[in-house]
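All heavy atoms count here, side chains included; hydrogens, waters and symmetry mates do not. Note that the structure is predicted; figures quoted are calculated from it, not measured.
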Amino acid sequence: MKTIQCVGILTSGGDAPGMNAAIRALTRAAVYKGLKVKGIYRGYKGLVTGEIKEFKSEDVSNVIQLGGTILKTARCAEFKTEEGRKCAYDNLQKEGIDALIVIGGDGSLSGARIFAQEYNVPCIGLPGTIDNDLFGTDTTIGYDTALNTILDAVDKIRDTASSHERLFFVEVMGRDAGFLALNGAIAAGAEAAIIPEFSTKDDQLESLISRGFRKSKTSSIVLVAESELTGGAMHLAERVKNEYPQYDVRVTILGHLQRGGSPTANDRILASRLGVAAIDALIEGYHNVMIGIENDEIVYVPFRKAIKNDKPIKEELVQVLAELSI
């Protein structure tokens, strides 16, 4: 395999707090190891259009505390075509980039996997998504910050919910995974979480109401993942109005609030560790792997496993929420 001399870095998909900490770690670890670094702007779109700039250590000064991504991110329909990927490869060759590091979620890593297979470009993925839904890693960059943002919002909502004796549905992100809703509910002391993983098993709203979840309470908060499988908070609130009119129901949709903000210490440390490990992996000859963390140890997860396998919800956490919400 060709010796790695220049590394390209891009962020793709939805932004996540901690992506800048990862960009910083990748850049400085690469420079420390004697490699050149080139930042690719606007994800795969910038790879196709050639929006690429060499990064030095000073280019990533004072970014560790910033949310979002200094490299920007964008959708790129062109990269989904063979012609688009050929153009991307030509730009890599033109810039002298020997390996590509992609920070993003499953869609971003899927793109890296296809690109690596077609052009034999060493690719490494870092799990950057607030949804925490990538298999093979205990947590993802941005998840802890998003969880704390949800916690802060729900704490404030509880004040008004208690004052007015209402049932509040709080919609959080998690189109295909309920980690934010479930762990957010436990952390905030909410009464329940309605998540996509259980939507095919039973009617979660009916189960919630039927178990008499408000016997000892004047107000209740339920976190809802924004998934089509759950129907979302607005749909559930409409059902309550029609089927259980005795409840005074309100909805709060947190939306993109969850993606922003300065990353927590946990996300900064995680992103820094994964960034350094990604450069080490390239130097050691690894490619087509995602750098993850399991039991506080760095692991290399093949793209096919990280993308293909669904990350399971822990049944223990569901039981914890059920027992503590009485």
Side-chain angles (χ1 to χ4, degrees), residues 1-12 15-47 49-73 88-89 91-104 108-109 112 115-116 119-128 137 140-142 262-263 265-293 297-300:
M1 185 178 289
K2 182 181 176 182
T3 303
I4 305 296
Q5 295 180 315
C6 180
V7 177
I9 305 169
L10 65 81
T11 52
S12 177
D15 61 292
M19 280 185 166
N20 287 323
I23 294 167
R24 173 182 179 271
L26 289 164
T27 300
R28 293 195 168 173
V31 170
Y32 182 83
K33 298 284 171 52
L35 305 179
K36 274 189 175 183
V37 179
K38 296 204 173 177
I40 301 161
Y41 286 84
R42 293 172 179 82
Y44 290 118
K45 188 177 182 66
L47 197 55
T49 60
E51 200 173 350
I52 300 169
K53 172 194 168 184
E54 183 167 356
F55 265 35
K56 304 286 190 182
S57 182
E58 56 267 26
D59 289 301
V60 291
S61 294
N62 300 317
V63 303
I64 195 170
Q65 78 279 11
L66 301 178
T69 162
I70 59 170
L71 285 176
K72 313 298 183 186
T73 181
Y89 179 71
N91 282 326
L92 281 188
Q93 294 290 96
K94 177 184 172 184
E95 294 286 341
I97 296 172
D98 306 309
L100 186 64
I101 298 177
V102 176
I103 310 168
S108 304
L109 300 192
F115 191 58
Y119 293 101
N120 198 30
V121 175
C123 288
I124 300 289
L126 294 191
T137 184
T140 58
I141 296 167
S262 182
N266 282 341
D267 271 330
R268 298 183 198 195
I269 293 166
L270 174 67
S272 298
R273 290 182 68 187
L274 297 182
V276 170
I279 299 301
D280 288 341
L282 278 176
I283 292 172
E284 291 166 11
Y286 287 91
H287 59 96
N288 278 10
V289 296
M290 178 191 78
I291 311 298
I293 193 159
E297 297 291 334
I298 295 292
V299 292
Y300 299 163

State which residues pass side chain to side chain donor-acceptor pair (under 3.5 Å) with Arg28; sequence neighbours excluded, sorted by chain then number.
-> Ser57, Ser61

Tyr32: what forms a ring-ring contact (aromatic ring centres under 6.0 Å, His included) with it, not counting sequence neighbours?
-> none

Qualifying salt bridge (Lys or Arg N to Asp or Glu O under 4.0 Å) pairs, either residue in residues 271-287, two or more places apart | Lys33-Asp280, Arg273-Asp296

Between Phe55 and Leu71, is any pair of side-chain heavy atoms under 4.5 Å apart?
-> yes

Take atom NZ of Lys38 as the centre, draw a 6.0 Å sphere, and report whether it contains more than 12 heavy atoms from other residues, nucleotides or ligands.
-> yes

Any chance you could measure Tyr89, atom OH, to Asn120, atom CG, to the nearest 0.5 Å?
-> 8.0 Å

For Lys36, the salt bridge (Lys or Arg N to Asp or Glu O under 4.0 Å) test, sequence neighbours excluded, returns none

Identify the heavy atoms of Ile97 and Gly8 that sit nearest to each other, and give their distance.
-> CG2-N, 3.4 Å

Taking Asp15 for the side chain and Lys72 for the main chain, is one N or O donor matched with an acceptor at less than 3.5 Å?
-> no

side-chain contact (heavy atoms from CB on, under 4.5 Å) filter on Ala16, not counting sequence neighbours, yields Met19, Ile130

In Å and rounded to the nearest 0.5 Å, what is the CD1 to SG distance from Ile101 to Cys123?
-> 9.5 Å

Write down the atom of Ala25, the atom of Ala271, and the distance for their closest heavy-atom approach.
-> CB-O, 4.0 Å

Identify, with sequence neighbours excluded, every residue that meets side chain to side chain donor-acceptor pair (under 3.5 Å) alongside Ser108.
-> Ser12

Might you work through the side-chain contact (heavy atoms from CB on, under 4.5 Å) test for Leu47 and Leu92, ending with a clear yes or no?
-> CA-CA 8 Å; Leu47 197 55; Leu92 281 188; 3.6 Å; yes

Return the set of residues passing side-chain contact (heavy atoms from CB on, under 4.5 Å) with Ala281 (not counting sequence neighbours), or none when no residue passes.
-> Ile124, Tyr286, Ile291, Tyr300

When rounded to the nearest 0.5 angstrom, what is the spacing between CG in Leu109 and CD1 in Ile103?
-> 10.5 Å

Considering all heavy atoms of both residues, which atom of Ile279 and which atom of Leu35 are nearest to each other, and what is their separation?
-> CG2-CD1, 4.2 Å

Counting N and O atoms only, with roles assigned by atom type, does the side chain of Asp267 sit under 3.5 Å from a partner on the main chain of Gly18, one being a donor and the other an acceptor?
-> no

Of all residues at least two apart in sequence or in a different chain, which pass the salt bridge (Lys or Arg N to Asp or Glu O under 4.0 Å) check with Arg42?
-> Glu51

Take Val37 and Asp59 through the test side-chain contact (heavy atoms from CB on, under 4.5 Å) and record every step on the way to the result.
-> CA-CA 11 Å; Val37 179; Asp59 289 301; over 6 Å; no

Which heavy-atom pair separates Arg268 from Pro263 by the least distance, and what is that distance?
-> NE-O, 2.9 Å

When rounded to the nearest 0.5 angstrom, what distance separates CG in Leu26 from CD1 in Ile9?
-> 4.5 Å

Qualifying residues under side chain to side chain donor-acceptor pair (under 3.5 Å), relative to Asp98, sequence neighbours excluded | Lys2

Thr137 and Gly292: which non-hydrogen atoms are nearest, and at how many Å?
-> OG1-CA, 3.6 Å

Under the side chain to side chain donor-acceptor pair (under 3.5 Å) test, residues paired with Arg24 that sit two or more places apart | none

Under the ring-ring contact (aromatic ring centres under 6.0 Å, His included) rule, collect the residues that match up with Tyr44, sequence neighbours excluded.
-> Phe79

Between Ile64 and Ser272 the two heavy atoms that sit nearest each other are CD1-OG, 4.3 Å

